[in-house]
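Index from 1, following the sequence.
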Amino acid sequence: MADSTVYQASTTAPVNIAVVKYWGKRDPKLNLPTNSSLSVTLSQSDLRTHTTAACSSTFGSDDSLLLNGSPQDVSGARTQACFRELRSLRAALEAADPSLPKLSTLTLKIVSENNFPTAAGLASSAAGFAALVRAIADLYQLPATKTELSKIARQGSGSACRSLFGGYVAWDMGSAADGSDSQAVEIAPASHWPNMRALILVASAEKKGVSSTAGMQTTVATSELFQRRAEIVVPKHMEQMIKAVKDKDFELFGKVTMMESNSFHATCLDTFPPIFYLNDTSRAAIRVVEAINEKAGKIIAAYTFDAGPNCVIYFEEEHMAEVAGAIKSVLGSVEGWEGKGEEVKTSDAAHLDER
Ligand code: ADP
Ligand code: DP6
Ligand code: CO
């Protein structure tokens, strides 16, 4: 009799917010970047994806993905690459041990939920593909390391490679043409800098007008600033950021974080046609952070924006009152945040579930 068992595994993955940004692909097929990047993985207790992967001979012939209740197209090359690589690792296990069920041949059904806005510049593709890859790897009981999984997740969405690790994570752009060395590397665990915090300001939960994938493609094709950014600005910022994290030097961390965000958004503006990810509310947040730092006489808070209007502010726990107080009092009266006090979340970047 045919085996009608439904095999399944569930996992969660956190978002990561880049302090040195990935923007540009040197190989769109393998999803290889034009520059290295570095991010902070936020706590799973805040912004996270929960994904269940199941397979069964009873599922019909087409793999499927349900995201927040809506069926998604899984025929795209990027999702297909993840499925293919994970299936082939499972097939190798099955070939080595014929007693294992042949899960690699079964149809996959993926169900995923993001507990934060999708496609709004809060790294849903990062948490989403990290969770998707890990759920299938768990389903297949693969003995793969986080580094191996990061290379598979990278092919789903570049930023996803960094969400497989907690703490301070670099994505080393690598140099191999086949992408075999383009992977995430932990620079320091979250416990290294336990008082680091992040405030997330949701200015708009709407889906962005230009996806990250499309935006960076136009940037690479049209922006001259981009070349300088990839070749000169980012390598310098990577070096400074790694030093800032190792030394727990918040002033340097904050300065590079803000200059990076500005450089990235300047490059978006230099793209033709221009890409506007920031809005008036985003710019108001920048001004509040400037005012906080001016009052303190040093950098105690740092803003950053990914490809969307939503702001993430990094700061150290001891400055919680000054930072959160200023943000709430000033932005409480700004359009976009009015009556949205509950949208200001603080994330504990320190106590991650280490895997
Ligand atoms: P973001 O800034 O949120 O990362 P992107 O433009 O990079 O926005 O990517 C958004 C896309 O990522 C979504 O349209 C969807 O295709 C994919 N995505 C988001 N969440 C998930 C998820 N949980 N599982 C699979 N794919 C996801
Ligand atoms: C601005 O990883 O979403 O958030 O690889 O095309 O899926 P794809 O792009 P994605 O780009 C993220 C861009 C960014 C910066 C970053 O996270 O490093
Ligand atoms: Co993304």
Side-chain angles (χ1 to χ4, degrees), residues 13-23 37-49 114-127 159-160 162-163 166-169 190 193 195-206 208 212 237 241 244-245 250 253-265 268 277-279 281-290 292-293 299-317 319-320 322-324 326-328 330-331 334 336-337 340-350 352:
V15 304
N16 71 73
I17 301 294
V19 287
V20 178
K21 312 280 188 194
Y22 148 54
W23 196 254
S37 53
L38 200 150
S39 58
V40 183
T41 298
L42 304 189
S43 165
Q44 308 229 45
S45 56
D46 300 306
L47 281 63
R48 67 174 172 274
T49 297
N114 297 331
N115 75 343
F116 61 97
T118 297
L122 287 169
S124 70
S125 65
S159 54
R162 299 184 310 238
S163 268
Y168 302 82
V169 187
W193 203 340
N195 51 338
M196 180 66 85
R197 295 290 178 274
L199 253 174
I200 296 110
L201 310 174
V202 180
S204 166
E206 260 178 56
K208 62 183 91 166
S212 297
H237 284 165
M241 188 54 82
V245 170
F250 191 88
F253 174 91
K255 183 171 175 221
V256 176
T257 295
M258 294 186 281
M259 291 184 76
E260 247 307 298
S261 178
N262 296 342
S263 157
F264 159 52
H265 289 280
C268 289
Y277 285 127
L278 304 184
N279 63 20
T281 318
S282 317
R283 284 183 283 273
I286 293 176
R287 282 192 289 270
V288 175
V289 172
E290 291 293 341
I292 292 169
N293 290 336
I299 295 174
I300 61 165
Y303 57 79
T304 188
F305 301 81
D306 272 357
N310 299 311
C311 184
V312 174
I313 298 173
Y314 288 111
F315 62 99
E316 291 178 300
E317 167 72 25
H319 299 300
M320 171 74 99
E322 290 150 276
V323 176
I327 299 289
K328 281 182 183 160
V330 178
L331 294 179
V334 169
W337 263 302
K340 283 196 177 178
E342 75 285 357
E343 300 275 29
V344 180
K345 291 188 175 188
T346 65
S347 176
D348 183 346
L352 296 155

Check: What is the minimum heavy-atom distance between F305 and N310, and which atoms define it?
Finding: CD2-O, 3.5 Å

Next item on the list: Taking the side chain as every heavy atom from C-beta outward, state whether M258 and N293 have any pair of such atoms under 4.5 Å apart.
Entry: yes

Item checked: N/O donor-acceptor pair under 3.5 Å between T41 side chain and S163 backbone -> no

Next item on the list: Mind checking the SG-CD1 spacing from C311 to I286? Nearest 0.5 Å is all I need.
Entry: 7.0 Å

Margin query: Within the 4.5 Å heavy-atom criterion, are I292 and I327 side-chain neighbours or not?
Written below: yes

Item checked: NZ-OH distance between K208 and Y277, expressed to the nearest 0.5 angstrom -> 5.5 Å

Notebook entry, point to check: Side chains of V40 and Y168: does their closest heavy-atom pair fall under 4.5 Å?
Noted result: yes

Notebook entry, point to check: Taking only residues two or more places apart in sequence, or in another chain, which ones meet R283 in a salt bridge (charged side-chain N to carboxylate O under 4.0 Å, His left out)?
Noted result: D280

Notebook entry, point to check: Closest approach of V245 and W193, non-hydrogen atoms and distance?
Noted result: CA-CZ3, 3.9 Å

Checklist line | Donor-acceptor pair, side chain of N115 and main chain of R48, under 3.5 angstrom | finding: yes

Next item on the list: Can you sort out the partners of Y22 under ring pair (Phe, Tyr, Trp, His ring centres under 6.0 Å), two or more places apart, ordered by chain and number?
Entry: W171

Check: Can you name the nearest heavy-atom pair linking Y314 to V19, along with the distance?
Finding: CE1-CG1, 3.5 Å

Check: Shortest non-hydrogen contact from A18 to R162?
Finding: CB-NH2, 3.8 Å

Margin query: Do M241 and F253 have side chains that approach each other closer than 4.5 Å (heavy atoms only, starting at C-beta)?
Written below: yes

Notebook entry, point to check: If every non-hydrogen atom of S159 is compared with every non-hydrogen atom of N16, which pair is closest and at what distance?
Noted result: O-ND2, 3.1 Å

Next item on the list: Report the C-alpha separation of K21 and T304 in whole Å, then their side-chain angles, then the decisive distance to 0.1 Å, and conclude whether the side-chain hydrogen bond (donor to acceptor under 3.5 Å, both in side chains) test is met.
Entry: CA-CA 10 Å; K21 312 280 188 194; T304 188; 2.7 Å; yes

Margin query: Looking at N279, is its backbone amide N or carbonyl O close enough to the side chain of S282 to form a donor-acceptor pair, meaning the two atoms are under 3.5 Å apart?
Written below: yes

Notebook entry, point to check: Going from CG on L278 to OG on S261, what distance comes out if it is rounded to the nearest 0.5 angstrom?
Noted result: 6.5 Å

Checklist line | Gap separating the CD atom of E316 from the CE atom of M196, nearest 0.5 angstrom | finding: 6.0 Å

Next item on the list: Determine the minimum heavy-atom distance between S212 and A307, stating which atoms define it.
Entry: OG-CB, 3.6 Å

Next item on the list: Kindly indicate whether the side chain of I200, heavy atoms from C-beta on, has any atom under 4.5 Å from the side chain of L42.
Entry: yes

Checklist line | Distance-only polar pair, side chains of H319 and E322, donor-acceptor under 3.5 Å | finding: yes

Next item on the list: Show your working on side-chain contact (heavy atoms from CB on, under 4.5 Å) between T257 and Y303 and close with a plain yes or no.
Entry: CA-CA 7 Å; T257 295; Y303 57 79; over 6 Å; no

